[in-house]
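Written out below as structure tokens is the structure these notes cover.
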Protein chains: 2
Amino acid sequence: MAPEAERLPLAGSRATRRRSAIIDALTNASTFHSARDLQKLASDAGHPMALSTVYRALQALSAANEVDVLHPSCGEALYRRCTLGHHHHLVCRQCGQATEIADEALEKWVERTANQHGFTEPHHTLEIFGTCQECAKFG
Amino acid sequence: MAPEAERLPLAGSRATRRRSAIIDALTNASTFHSARDLQKLASDAGHPMALSTVYRALQALSAANEVDVLHPSCGEALYRRCTLGHHHHLVCRQCGQATEIADEALEKWVERTANQHGFTEPHHTLEIFGTCQECAKFG
DNA sequence: GGTGCCATTGATAATCAATATCATTAAGAT
DNA sequence: ATCTTAATGATATTGATTATCAATGGCACC
Ligand SMILES: [Zn+2]
Ligand SMILES: [Zn+2]
Ligand SMILES: [Zn+2]
Ligand SMILES: [Zn+2]
């Protein structure tokens, strides 16, 4: 069982105003947001920046395992700051509210299934989309 | 428990040479292929066509639940003709060879997990990527 | 504080998959 | 054969993301 990857800051990377602004925006948000969303959030917080800068920050954070990326079947990628470790998401299809799901039994199932078919080094993606209680009430 | 969607041909759609060529290409392939791949496969089989036509055929087939679509984190969407019913995939990250996975226990787990968090109408996506035996041998 | 190196930034252009437009072609019913 | 209308292909367009590159600014060292 390989330990989770360390989350050291990338070698040679610098702490800048823009990057902290993006991290702040992500930290304050409980839902997934697009790069454009984050640009606006940062701007509203007094830190306007170019969209390319947002993308670059997200790229770095993603490489450092500081954010989770969701690739919906259509549209922009969505980003969220998550807790450490492997997990999946339960996402409200209306409001975007996301709950982290970590389940040992599921992980075992994945590994067992892959091995049964002779596949090694199984990686996987799993996302559950539903309607949350709030949105079911007022949706 | 809603029954699986019917797979009637779309109302007003016509059977054409190009569409059968795409269906043939998909049927002969055991792996996922991009729209460009399928254009080439159809062309090699003597049925050249514009890429837009390929996309339109795939759109129709996808809407009719005749093909499964994979959206890798980067790059083009991948298409594959699948058997009827809800299932997931075990995909070789090298050769693209895909195995269908249908597991009642997993489906139950998804529904239970969603319900536990107050989410209704849970949809989900799950793909497992690994290295198949053949590719593990020859790298 | 000042200096220098080099990562970062922003403006802009480029990519690339996928879709829209629209005149032309052809399926298939009568 | 004729007619209605879906399908097609050439082309332009969209939209997200990445590349380019000159100018800026962290920050390590003096
Ligand atoms: Zn909601
Ligand atoms: Zn997992
Ligand atoms: Zn393989
Ligand atoms: Zn399933």
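Heavy atoms only: backbone and side chains are in, while hydrogens, waters and symmetry mates are out. Just so it is clear: chains get the letters A, B, ... in the order the sequence lines come, proteins before strands, and each one is counted from 1.
Counting heavy atoms from C-beta outward, B:L38 and B:L58 have side chains that approach closer than 4.5 Å. The shortest side-chain heavy-atom distance between A:L126 and B:T125 does not fall under the 4.5 Å cut-off.
Taking the 5' to 3' direction, DNA chain D first and last meets chain A under 4.0 angstrom from a heavy atom at D:dA16 to D:dC27.
Listed by chain and residue number, nothing satisfies the side-chain contact (heavy atoms from CB on, under 4.5 Å) test with B:Q133 (two or more places apart in sequence, or in another chain). Partners of B:Q116 by side-chain hydrogen bond (donor to acceptor under 3.5 Å, both in side chains), not counting sequence neighbours: none found. Contacts of A:E121 classified as side-chain contact (heavy atoms from CB on, under 4.5 Å), with partners at least two apart in sequence or in another chain: B:R93. Checked against side-chain contact (heavy atoms from CB on, under 4.5 Å), A:A29 has the following partners two or more places apart in sequence or in another chain: A:H33. Taking B:R80 as the reference, B:E100 meet the salt bridge (Lys or Arg N to Asp or Glu O under 4.0 Å) condition, with sequence neighbours excluded. Residues satisfying the side-chain contact (heavy atoms from CB on, under 4.5 Å) criterion with B:S30, sequence neighbours excluded, are B:Q97.
Aromatic pair B:H124/A:H88: ring centres not closer than 6.0 Å.
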Could you run down the sub-3.5 Å N/O contacts of the protein with nucleotides 12-17 of chain C?
unit_1: C:dA17; atom_1: OP2; unit_2: B:R36; atom_2: NH1; d: 3.4

Enumerate the protein-to-nucleotides 1-7 of chain C contacts in which both atoms are nitrogen or oxygen and the separation is below 3.5 Å.
unit_1: C:dC6; atom_1: O2; unit_2: A:R14; atom_2: NH1; d: 3.3
unit_1: C:dC6; atom_1: O2; unit_2: A:R14; atom_2: NH2; d: 3.3
unit_1: C:dA7; atom_1: O4'; unit_2: A:R14; atom_2: NE; d: 3.4
unit_1: C:dA7; atom_1: O4'; unit_2: A:R14; atom_2: NH1; d: 3.4
unit_1: C:dA7; atom_1: O4'; unit_2: A:R14; atom_2: NH2; d: 3.4
unit_1: C:dA7; atom_1: O3'; unit_2: A:G12; atom_2: O; d: 3.3
unit_1: C:dA7; atom_1: N3; unit_2: A:R14; atom_2: NH1; d: 3.4

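One atom, CD of A:Q59, and another, C1' of C:dT8, lie 13 Å apart when rounded to the nearest Å. Rounded to whole angstrom, the span from the CZ atom of A:R56 across to the P atom of C:dG10 amounts to 8 Å. In this entry the distance linking CZ of B:R18 with P of C:dA26 reads 8 Å, nearest Å.
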Below 3.5 Å, can you tabulate the donor-acceptor pairs from side chains in residues 68-75 of chain A to any protein atom, sequence neighbours excluded?
unit_1: A:D68; atom_1: OD2; unit_2: A:H87; atom_2: NE2; d: 2.8
unit_1: A:D68; atom_1: OD2; unit_2: A:H89; atom_2: NE2; d: 3.3

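Remark: side-chain polar atoms of A:D24 are not paired, donor with acceptor, to backbone N or O of A:A21 under 3.5 angstrom. Although no hydrogens or angles enter the test, the distance criterion places no donor-acceptor pair under 3.5 Å between the side chain of B:E111 and the main chain of B:P122.
Residue pairs satisfying the side chain to side chain donor-acceptor pair (under 3.5 Å) criterion with at least one member in residues 42-54 of chain A, sequence neighbours excluded, are listed as follows: A:K40-A:D44.
For the helix from C:dG1-D:dC30 to C:dT30-D:dA1, the axis fitted to the five pairs at one end and the axis fitted to the five pairs at the other end meet at an angle of 40° (nearest 10 degrees).
Taking for each of B:A15 and A:L51 the nucleotide of DNA chain C with the nearest heavy atom, the 5'-most of the two is the partner of A:L51.
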